[in-house]
Amino acid sequence: MTKVFNFQEGEVLLVDKPLHWTSFQVVKKIRNLVTKKAPKNTKVGHAGTLDPLATGLLIVCTGKKTKEIDLYQGMEKEYTGELLLGKTTPSYDGETEVDREYDISHINETLLQETTQKFMGEIEQFPPIFSAVKVEGKRSYDLARQGKEVEVKIRTITIREFEITSVVLPKVYFRVTCSKGTYIRSLAHDFGQALGAGAYLTGLVRTRIGEFSLENAYTLEDLTIAIRGEAR
């Protein structure tokens with residue numbers, strides 16, 4: 001049965017964001033599809049940015065449902081990911097080149113498990129300078145890419161679960177449940193510093209936002225087909 005959308009009244013679309021796409025690019029594509037099915041002034045927006053090098057659940061709201069974006073942004077998030085020990089990058093992920101290398105001969109699974117406990121509960125965290133955080137009205141990543149010095153403000157976030165799921169050194173695989181505003185790239189970087197080994201994020205998937213699960217999300221291809229093929 002063909003799915004029937006009502007974009008102006010409002011839809012909450014669960015999308016599996018592709019690798020290398022920005023969240024804005026996903027919204028732009030969906031907005032272009034929506035404007036062919038609904039009035040051109042129909043609003044489209046997302047509830048929580050995902051980095052280009054991350055994949056997974058992105059909530060996109062249309063029409064009257066855009067009023068609920070703040071609600072969805074405030075929900076608990078769950079991620080799975082991987083980090084590489086022994087190296088750091090300025091962006092805390094693979095967007096920038098490695099700037100320092102560390103010895104990791106002292107790393108073992110016991111130390112990894114023990115160190116996760118330092119990041120449980122309410123903690124303070126600096127967002128990466130390569131992030132969408134605004135500094136004096138400008139995006140931090142724009143300033144950082146221009147080579148300018150960037151000072152980001154520390155924030156308080158909550159880590160409810162931080163589980164090491166597999167270790168294949170120098171790779172470490174993990175699962176995190178956290179509050180709004182948490183940067184997993186910063187968590188990976190700070191975790192590496194706490195280990196005395198350095199680390200940067202090499203893969204990330206957002207698997208859940210509140211009760212919304214990645215398992216129920218459309219791929220962009222499937223969503224495009226569903227929107228274009230709807231019967232109205």
Side-chain angles (χ1 to χ4, degrees), residues 1-82 91 93-96 128 130-134 139 141-142 145 173 175-178 180-185 201-232:
M1 183 176 177
T2 303
K3 164 72 175 174
V4 178
F5 296 98
N6 191 329
F7 296 116
Q8 190 173 25
E9 279 301 306
E11 294 286 349
V12 178
L13 304 172
L14 308 184
V15 183
D16 185 356
K17 188 193 80 65
L19 187 64
H20 301 306
W21 282 60
T22 66
S23 300
F24 175 76
Q25 286 172 326
V26 173
V27 169
K28 183 179 179 181
K29 179 175 178 63
I30 293 173
R31 183 182 291 117
N32 289 338
L33 292 166
V34 167
T35 54
K36 296 175 182 177
K37 298 287 184 176
K40 294 191 180 298
N41 63 349
T42 301
K43 294 181 179 180
V44 181
H46 70 76
T49 302
L50 269 179
D51 291 332
L53 295 183
T55 65
L57 183 59
L58 186 70
I59 294 179
V60 178
C61 299
T62 77
K64 295 178 181 178
K65 288 292 184 179
T66 57
K67 295 178 181 178
E68 299 177 6
I69 281 178
D70 286 346
L71 171 65
Y72 302 134
Q73 286 180 329
M75 291 179 173
E76 182 179 77
K77 315 293 193 303
E78 182 185 73
Y79 299 86
T80 60
E82 62 182 54
S91 60
D93 66 5
E95 181 184 341
T96 53
F130 285 81
S131 68
V133 170
K134 285 194 174 181
R139 296 293 185 187
Y141 56 65
D142 288 332
R145 286 166 184 156
Y173 300 84
R175 184 180 67 86
V176 171
T177 304
C178 57
K180 170 189 176 181
T182 302
Y183 277 89
I184 307 300
R185 282 185 288 147
L201 195 66
T202 51
L204 187 67
V205 181
R206 185 156 65 195
T207 53
R208 182 174 60 81
I209 300 174
E211 297 302 315
F212 299 99
S213 172
L214 177 60
E215 295 176 355
N216 299 319
Y218 287 98
T219 64
L220 265 184
E221 182 181 2
D222 286 345
L223 181 59
T224 300
I225 292 169
I227 292 174
R228 286 177 175 170
E230 68 173 348
R232 292 191 67 89

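Values in this document were obtained by computation on a predicted structure and should not be read as measured data.
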Asks: Once rounded to the nearest 0.5 Å, what's the spacing between atom NE2 of H20 and atom OG1 of T55?
Replies: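 Reported to 0.5 Å precision, the distance equals 10.5 Å.
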Asks: Locate the shortest heavy-atom distance separating Q8 from P39; write the atom from each residue and the value.
Replies: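 The answer is OE1-CG, 3.5 Å.
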Asks: Just by distance, do the side chain of R208 and the backbone of G210 share a donor-acceptor pair under 3.5 Å?
Replies: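 Yes, because the side chain of R208 sits within donor-acceptor range (under 3.5 Å) of the backbone of G210.
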Asks: Would you list the pairs meeting side chain to side chain donor-acceptor pair (under 3.5 Å) in which at least one residue belongs to residues 58-67, sequence neighbours left out?
Replies: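 Listed by first then second residue: E9-K64, K65-E68.
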Asks: Between R185 (side chain) and S91 (backbone), is there a donor-acceptor pair under 3.5 Å?
Replies: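 Yes, the answer is positive, given that a donor and an acceptor are paired below the 3.5 Å cut-off.
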Asks: Quick one: pull up CG in L13 and CG in L33 and give me the separation to the nearest 0.5 Å.
Replies: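 Taking CG in L13 and CG in L33, the distance rounds to 10.0 Å.
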Asks: Which salt bridge (charged side-chain N to carboxylate O under 4.0 Å, His left out) pairs, counting each pair once, include a residue from residues 17-30, with sequence neighbours left out?
Replies: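 Checked against salt bridge (charged side-chain N to carboxylate O under 4.0 Å, His left out) - neighbours excluded - no pair reaches residues 17-30.
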Asks: S23 and L58: which non-hydrogen atoms are nearest, and at how many Å?
Replies: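 Distance-wise, the nearest heavy atoms are OG-CD1, 3.8 Å.
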Asks: Establish, from distance only, whether the side-chain atoms of T207 and E78 form a donor-acceptor pair under 3.5 Å.
Replies: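 Result is yes, a qualifying pair exists.
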Asks: To the nearest 0.5 Å, what is the distance between CG on L220 and CG on D16?
Replies: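 Interatomic distance, L220 CG to D16 CG, rounded to 0.5 Å: 8.5 Å.
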Asks: Pair V4, N6 - check side chain to side chain contact (heavy atoms under 4.5 Å, CB included), show working.
Replies: CA-CA 7 Å; V4 178; N6 191 329; over 6 Å; no
Asks: Using only atom types and a distance under 3.5 Å, with no angle test, would you say the side chain of D51 pairs donor to acceptor with the backbone of L53?
Replies: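 No, D51 side chain to L53 backbone: no donor-acceptor pair under 3.5 Å.
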Asks: Go through E82 and T202 one step at a time and tell me if the side-chain hydrogen bond (donor to acceptor under 3.5 Å, both in side chains) criterion holds.
Replies: CA-CA 6 Å; E82 62 182 54; T202 51; 3.1 Å; yes
Asks: Can any side-chain N or O of R206 pair as donor or acceptor with the backbone N or O of L57 at less than 3.5 Å?
Replies: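 Yes.
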Asks: Compare every heavy atom of T42 with every heavy atom of G63, then report the nearest pair and how far apart it is.
Replies: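 Answer, listing the atom of G63 first, then T42: N-CG2, 3.9 Å.
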Asks: Identify the heavy atoms of P18 and V26 that sit nearest to each other, and give their distance.
Replies: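 For P18 and V26, the tightest heavy-atom pair comes out as CD-CG2, 4.2 Å.
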Asks: Distance from F7 atom CZ to R31 atom CZ, nearest 0.5 Å?
Replies: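 Output value for this atom pair is 13.0 Å.
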Asks: My understanding is that only one of T224, L223, I225 makes a side chain to side chain contact (heavy atoms under 4.5 Å, CB included) with I227; could you say which?
Replies: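 Only one option passes, and that is L223.
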Asks: Mind checking the SG-CD spacing from C178 to E76? Nearest 0.5 Å is all I need.
Replies: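 C178 SG to E76 CD: 7.5 Å, rounded to 0.5 Å.
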Asks: Check whether K37 reaches the backbone of T35 with its side chain - one donor and one acceptor, N or O, closer than 3.5 Å.
Replies: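 Checking the backbone N and O of T35 against the side chain of K37, no donor-acceptor pair under 3.5 Å is found.
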Asks: When rounded to the nearest 0.5 angstrom, what distance separates CD in Q73 from CD1 in I59?
Replies: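 Reported to 0.5 Å precision, the distance equals 9.5 Å.
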Asks: Nearest heavy-atom pair of P52 and T22: which atoms, and what distance?
Replies: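 Closest pair (atom of P52, atom of T22, distance): CG-CG2, 3.9 Å.
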Asks: Could you tell me which residues satisfy ring pair (Phe, Tyr, Trp, His ring centres under 6.0 Å) with Y218, sequence neighbours excluded, listed by chain and number?
Replies: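 None.
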Asks: If we ignore hydrogens and angles and just use 3.5 Å, is the side chain of T219 paired with the main-chain N or O of D222 as donor and acceptor?
Replies: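 Checked: pair present.
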Asks: Of the non-hydrogen atoms in Y72 and I209, which two are nearest, and what is the gap between them?
Replies: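 So the minimum-distance heavy-atom pair works out to O-CG2, 3.6 Å.
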